[in-house]
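A, B, ... follow the sequence lines: proteins, then strands. Residue 1 opens every chain.
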Amino acid sequence: MNLETKNKINDDLLRPVLHTSPWFYVIVLVLGGIIVAGLGSWMYQMSHGLVVAGIKWPVYWAFYITNFVFWIGISHAGTLISAILRLVNATWRRPVTRCAEVITVFALMIGALFPIIHLGRPWLAFYLMPYPSERGIWPNFRSPLVWDFFAISTYLTGSTLFLFLPTIPDFALMRDRTTGLRQRIYGMLSLGWQGTTKQWHRLESAMQIMAIAIVPVAVSVHTIVSFDFSMSPVPMWHSTVFGPYFVAGAIFSGIAALIVAMAVLRKVLHLEEYLHPVHFHNLGKLLLTMSLLWAYFTFVERLTVWYGNAPAEMAVFWETQTGSYAPLFWTMVFCNFVIPLPLLGIRRLRTITGTVVASSLIVVGMWLERFLIIVPSLAMKNLPYSWGFYRPQPVEIMITIATFAAMAFLYVLFSKFVPIISIWELKVGAHPRRVLTPQEEEEAQELWRVRP
Amino acid sequence: MSHRWGMAVDLDRCTGCEACVTACRAENNVPTVGPEQAARGRAINWIRVERYYEGEFPDVRVKFRPVLCQQCDAAPCEPVCPTYASHHTEEGLNAQVYNRCIGTRYCANACPYNVRFFDFANPVWDKPLHLQLNPDVSVREVGVMEKCTFCVQRINEGKTRAKAEGREVRDGEIKPACAQACPTTAIVFGDLNDPESEVSRLSHSPRGSKLLEDLGTKPKITYLR
Amino acid sequence: MKAVYALYADPDSAQLAVDSLRREGVAERSITVISSEPFEEYEFSRRDKPTWIFWLATAGGAVGLVLAYLLASTTQRLWPLVTGGMPIVAMWPNLIIMFELTMLGAIIVTVITLLITARLPTTRSKLYDPEVSSGKILVGVENAPDDSIEKLKQTLRATGGEVNAG
Amino acid sequence: MDRRQFIKATALTGTSATLASCGNPEYHLIRFIPEEALTPGIAVLKPSVCPLCSAGCGLSVRVIEGEAEVIRKNQLGVTKMGLAKKLEGDPAHPVNQGRLCARGQAAIQVTYHPDRLGHPLKRTGARFTGQFQELTWDEALSELISKLDSLAMANDQKSLAFLTRPQRGLRSDLVAEFASRFGAPEPIAFEFFSDDVLRRANALSFGKEQLPTFDFAESRYVIAFGADFLGTWNSPVSQSIGYGQMRQGRPGVRGKFIQVESRMSQTGANADEWVPMKPGLDGVLALGLAHVIMKAGLRRPEAAGGAGTLIEGWAGGLAGYSPEEVEKQTGVAASRSERLAKEFADQRPAVALIGGAPLAQTNGLFSALAVNALNALVGSIETPGGIFFTPQGRVAQTRSIDKVADSNIQLLLIDGANPVFATPPAWKVRETLMKIPFIVSFGNFLDETSTLADLVLPDHSFLESWVDSRPESGAKTAVASVAGPVMRPLHDTRAMPDVLLEVGRKLKKPLSPALPWQTFEEMIRSSEKSPAVIDRRYSGAARTVNFIAPQFDGDAGEYPFHFLPYPSAAPQRICPGCRNYRIRSRARCGAAGWRSIRRRPQDCRLVREILWRSHRARVLCGFPRLCRRGLRPM
């Protein structure tokens, strides 16, 4: 790669940061408005109590916890995938990693908000933290919610660092390309990065270890989220399959969200030269695997319940299968499996459009999956006399919409201030490989051929 | 001797009159939420009488079952609480500490009996209804969970009285509001550690069973059928 | 600080420059190579000693493990409240806390090690040239003795670099 | 004698109140005067009497000192006073033995109800619009006195009428006494679900004109014809206590219980066998059972004594009531009625009872006599496990509400009755009352009847005043309960008996020679010696009764839909008028229908929420919303 190419990469990837189109402001305003509406709804809910939400006896968890599980699931898009790809040294990962890791950090932040939003007394959320206070009591470490606190804190810390470390050299680049206040800010963020061989070496070693450490953390996080449910003797919650089921579902929805995000970035920021069809193709293959895995887990979960024929579980089972939740259930099956299977399985259809369509459906389907895990079981617990029905209320819907807007908002801002594709890693990807299989050779050439 | 409070509910005696329900509300300052909110599932009933129908007309049988907190020994609601708001006392009661509760509602989900209730809003008593509030029972504010306490204020009062008089608590001396009101004596309350007590005798009755016994929650309420 | 450096357009010439500097008798640790990307396949960037970072991370994990056990079990002993008929020190749930804090310890130690060994963050002025971010590779000698500066400049120029002194 | 001494004296007589001295069945006399001094935070139990139905259960009221906003001398202020916190059953009371029903538990809210009237009111707008104006007690009383005086002046005392709830005790005695001394006819006792037919049947069958008491505790077999005895009928708490004993109170013995009715009541829901049948034919089934018993030779017809002779064809073994004939008429299978009859005769003691809907039929008397004869046939009268009659004292004479329309009433006094709400529009009670020139209500609330009043003189709640009761049934011994106020009044109200006494004193022609007491309390104290027990024998001529098919009086449309007790039975339509009342069809609710579904507010604050609980998905209850301010236009 010659200097011109390098400079073109620099220019292309810094353009969104250095030049602002008026559309940026429009988008920020619109999304910001939705977020403000969401915050207003939350304030309204806090001042009136959860009476304004749709939750009721006995469905005490609904939209908020659905969103919590959903967003924590989405967070598995980035760090986990990026770490795995880093560990297996997949060359095509390089343009993908950062936009994936960003999803992780923001989705985690949003997801972690929901347990607080859903609290009866959110102003006392700090009771979950072990620290010496006048209350004189520390949390109960037997509670899955405390596990959640530790798991999410660890994962958020880890994935934020995992995102930040490889961005340092890019901050240094920004520092060199900007002036004034921005230069000083980027200078601070770059921590005085030079780029000596020693620094590069240490960075690479650290990232290897981080990648090793973050994978089990990510797996544990969603397993623990599943423990929130499987620890309770609630019909169709109390299941050993929930840990892997949730992890698989999380990666599944994460990849789908990543594909959607990449497609948007590619169009909006004109990154066609960097995000190639092959990325969508490869992620599509991964998505196909996860879709099959998801279908397998769903089948296993349903089969064991059906075969076990326990009365309390069968009530929930039939209610989701043929009862009032059946439309949602079958929509979910179509979104997660029936439609994605041909779209991702047939090579000709596994195009950018194909994968994006499949991914959008999967995002919807996985949200429904979380809802269908939580609500029907709670609505139809063991004693039929106490069965209920849940209907969301405007506050819950508004807050849900607002968090989707918040995700987009944060993503837009991030891509405005930080190159969304790791510039130095992109350049490294063009280096001749010491040992290359013929296929890798071909792959690398296709990737780095700069179009005329 | 330490106590282990328990209850026996004779379903053959229960007529579903709901006197227990009303007595409980009056004793424990259980808030009323108004008909609209009650219709939306926000009503709070520490004890309820479940009604089940059997058979087709004209051979219809109705079963009544008063359901209140079963004060399980292995209560699923307790370990899931992150703040120890829900825990087990030495006398075997599932205590709920309102001040520690942050309203995760996790305990209510874990409870297979659906006997834990959430305060969706601050309770309102139109004047002068507030004069009726029992000063021995705290009024729960918005966002906390509440549930049957086995009328712990009456248990404490009874123990204090017995101690002041220098004697053991007599069987039948302490009665929760529901047991006290029950016209048919379907509800019997007492100390399970006392083998002579009425409740111990009834708990060992061959007619006895526990609600959702197979879940392994070890309830302290025995239903006699 | 006195430093002499030259910018090279490609890693091959940088390698030549490093090699010729070595031939000049410049000590390994005085030679600084700065680039906007790592060049693992070139010898000039692969002369570091193996690091302890992995072992430090392991140690960090171990510390996290012990801390987590102490945190959980001490809390449980200090507030011996029975819940759900479980033992006061309930090991199964504690294992989860222990796992999470082990990983957190490893991650944090890794990052701290990285920052310390890479001398980050720093505010001291260092040998640097913004041209590096355009893809050029900087090869320089820091703290060169005054008398050798000219000679070093010549050597660097001979290998095709644009020589600067900072 | 000051108060404290009185307490000591009554405490002594109270505990030994099973007055064995009289030779008559004992009076269980309970009278107390509350303590004045309370220790903060320490509960004191004070006795009272539950006023919500005529069962007259004894209350033990938990009183704790608290701060309350009260009106004293027309001024609102905060004062420390004993406040009733909870009603509990009085363990020593022979009727309820420490138990209390749901309604009794909720009765405390009569006192604390936010809609309670706190001042005398004078009507300013048209009747039924709810426009009133506050006035002082002096003004209000002088208005009432002048009305009474002008009646007396015109020598028209007969056109004064008194409308009360059915109650037995000194309060009703006072009302009756007031009316008769003034020269007015006896008071009108209004109760919609009146048991007068059963009283009359008992008088004919057994010579006791009163409601029966049942000894379920000793019974082994119970057949109830429509009587909701575990719900609201007669003396529900006392009957429930017996029911519990019958089921599981005796080791190795479990009484069997059959309920015969056309609509499943709460009592029917508890039956071992629920026997649905055509309405109005309960007597036919009872005679069918008697037929089987006599034909199988299990009992001879003479065993029924006088009760049997009242039934046409009894001596001949009731030839027309063979099981097949009964099946044809009632829809109860012949084999079933045969089996029930044999069980009823075999299981001793066994008891049959009738009450509620069957007695409201046009042939109610026939059905009641048939059931009485059935009981007499198996020998269940005044024997353990059978029917008893609580010894009674003097009962004030009353007349029935249908007399209102006939008489020319100029001045009507209403105490606690709400016939406008409780009667179907076909009875035209409201229209009749509208014609009366002046109505005075002693109600605590602006209910449907009080809104017709020209003058409202709000009464104390039962917790604030002296209460007494002589229950008609519910205990084998005679019972009279007297209790003083457990707390001081919250509002500017006056006890109705005190008002009557004061008015009686201040009339131009005072009634004070006959009613010499200053207050009701004085009257109660002076009657400390229990009134003699009168063995009331019915002296009317008896003739045999034949079966007449039940008739329906009036058009069905005149009986609008009142109340849906079981939410699961409610269809899913929202009333367009009131928005949250789910009804069968739009035509049945509306402005007029709406009023008829409103309930007396004091009954239900606690109860309604229990019923409101939606207990199945998407099945919501049809319990009417209460209008918070009495009469907000709907």
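Neither the backbone nor the side chain of A:Ile65 has a heavy atom closer than 4.5 Å to any heavy atom of chain B. Contacts of A:Trp147 with chain B are absent, with no heavy-atom separation under 4.5 Å from either backbone or side chain. Only the side chain of A:Gln393 comes within less than 4.5 Å of a heavy atom of chain B; its backbone N, CA, C and O stay farther away. For chain B, no part of A:Phe149 is nearby; none of its heavy atoms comes within less than 4.5 Å. Both the backbone and the side chain of B:Phe117 come within less than 4.5 Å of a heavy atom in chain A.
Contact count against chain A (heavy-atom pairs under 4.5 Å) is highest for B:Asn114 among B:Thr217, B:Asp119, B:Asn114, B:Asp214. Among B:Thr83, B:Thr104, B:Val142, the residue making the largest number of heavy-atom pairs under 4.5 Å with chain A is B:Thr104. When each of B:Pro112, B:Cys77, B:Gly216 is scored by its heavy-atom pairs under 4.5 Å with chain A, the top score falls to B:Pro112.
In terms of modelled atom types and a separation under 3.5 Å, the side chain of B:Arg100 and the main chain of B:Tyr84 share a donor-acceptor contact.
The two residues A:Trp71 and A:Phe114 have their closest heavy-atom pair at CD1-CE1, 3.8 Å.
The side chain to side chain donor-acceptor pair (under 3.5 Å) test with B:Gln180 is passed by exactly one of B:Lys175, B:Arg154, B:Glu27: B:Arg154.
Salt-bridge check for B:Glu141 with A:Arg121: passed, with a basic side-chain N closer than 4.0 Å to an acidic carboxylate O.
Relative to the six-membered ring of B:Tyr106, B:Arg116 misses at least one condition, a distance below 6.0 Å or an angle of at most 45° to the axis.
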